[in-house]
Participant: 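Quick one: structure below, then a few questions.
What you see is a predicted model, and the numbers here were worked out from it, not measured in a lab.
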Amino acid sequence: MGNNEPGVAEPWEATTVKTKPKNDPKRKKQPRYNVVLWNDDDHTYDYVIIMMRDLFGLAPEAGFKIAETVDTAGRAICLTTTLEHAELKRDQIHAYGRDELMARSKGSMSATIEPVE
């Protein structure tokens with residue numbers, strides 16, 4: 001140590017912190033879940049693109065790909081994450097509101113969560 005006091009490190013002296021390696025078999029990863037957006041005829045591509053930007057921080061191009069996938073395949077995975085985060089994102093989609101660009105739109109799009117297999 002730089003001074004004569006035992007156990008006190010000077011600010012410029014390095015300290016060692018022991019951490020578990022990432023591949024430690026004792027460490028258990030949390031299960032992953034998909035947030036799935038379901039297709040309907042009451043929301044426009046623009047709505048999906050804007051919602052993906054607002055809720056997931058996606059660029060317009062990535063939002064368009066989600067809109068296109070949900071339109072053609074009937075569903076699209078928006079995010080894969082932990083259960084708690086997936087539940088939050090599903091609830092945010094459900095609370096997002098109607099599509100102002102489409103008169104027949106009465107509410108938000110539908111989303112579910114499913115475990116990753």
Participant: Can Val48 and Met109 be said to form a side chain to side chain contact (heavy atoms under 4.5 Å, CB included), step by step?
Facilitator: CA-CA 9 Å; Val48 175; Met109 291 187 77; 3.6 Å; yes
Participant: Can you tell me how far OG of Ser105 sits from CG of Asp40, rounded to the nearest 0.5 angstrom?
Facilitator: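 Reported to 0.5 Å precision, the distance equals 7.5 Å.
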Participant: For Ser108, which residues count as a side chain to side chain donor-acceptor pair (under 3.5 Å) partner, sequence neighbours excluded?
Facilitator: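 Testing Ser108 for side chain to side chain donor-acceptor pair (under 3.5 Å), a comparison that skips the adjacent residues, returns none.
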Participant: Indicate yes or no: at least one non-hydrogen side-chain atom of Ile93 is less than 4.5 angstrom from one of Tyr96.
Facilitator: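 Of all side-chain heavy-atom pairs linking Tyr96 with Ile93, none is under 4.5 Å.
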Participant: Is any side-chain heavy atom of Thr81 closer than 4.5 Å to one of Leu88?
Facilitator: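 The answer is no, as the side chains (C-beta and beyond) never meet within the 4.5 Å cut-off.
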Participant: Quick one: side chain to side chain donor-acceptor pair (under 3.5 Å) pairs with a partner in residues 62-72, sequence neighbours left out?
Facilitator: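 Qualifying pairs: Tyr45-Asp71.
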Participant: Any link between Phe64 and Ile50 through a network of hydrophobic side chains (Ile, Leu, Val, Met, Phe, Trp, Tyr) touching at under 4.5 Å?
Facilitator: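 Result: no, two separate clusters.
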Participant: I would like to know whether His85 and Leu79 meet side chain to side chain contact (heavy atoms under 4.5 Å, CB included); could you show each step before the answer?
Facilitator: CA-CA 9 Å; His85 193 215; Leu79 180 70; 3.7 Å; yes
Participant: State which residues pass side chain to side chain donor-acceptor pair (under 3.5 Å) with Thr82; sequence neighbours excluded, sorted by chain then number.
Facilitator: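 By the side chain to side chain donor-acceptor pair (under 3.5 Å) rule, Thr82 matches no residue at all.
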Participant: According to a 4.5 Å side-chain heavy-atom criterion applied to Ile, Leu, Val, Met, Phe, Trp and Tyr, with indirect links allowed, do Ile49 and Tyr47 form part of one hydrophobic cluster?
Facilitator: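 As far as the 4.5 Å side-chain criterion goes, Tyr47 and Ile49 are not connected within one cluster.
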Participant: Which residue pairs satisfy the salt bridge (Lys or Arg N to Asp or Glu O under 4.0 Å) criterion with at least one member in residues 108-117, sequence neighbours excluded?
Facilitator: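 Sorted result for residues 108-117: Arg75-Glu114.
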Participant: Val36, Ile66: one ILVMFWY side-chain cluster at the under-4.5 Å cut-off?
Facilitator: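 Hydrophobic grouping puts Val36 apart from Ile66.
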Participant: Look up atom CG in Leu37 and atom CE in Met52, then write down how far apart they are to the nearest 0.5 Å.
Facilitator: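 It is 5.0 Å, given to the nearest 0.5 Å.
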Participant: How would you list all residue pairs meeting salt bridge (Lys or Arg N to Asp or Glu O under 4.0 Å) that involve residues 41-57, not counting sequence neighbours?
Facilitator: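 Of all non-adjacent pairs touching residues 41-57, those that pass salt bridge (Lys or Arg N to Asp or Glu O under 4.0 Å) are Asp42-Arg104.
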Participant: Apply side chain to side chain donor-acceptor pair (under 3.5 Å) to Glu100 and list each qualifying residue two or more places apart in sequence or on a separate chain.
Facilitator: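 Per chain and number, Glu100 pairs via side chain to side chain donor-acceptor pair (under 3.5 Å) with Arg98.
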Participant: So, the side chain of Asn34 versus the backbone of Ile77: is there a donor-acceptor pair under 3.5 Å, distance only?
Facilitator: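 Looks like no, no N/O pair under 3.5 Å.
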Participant: Quick one: are Trp38 and Thr112 in side-chain contact, heavy atoms under 4.5 Å?
Facilitator: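 With C-beta onward as the side chain, the pair touches.
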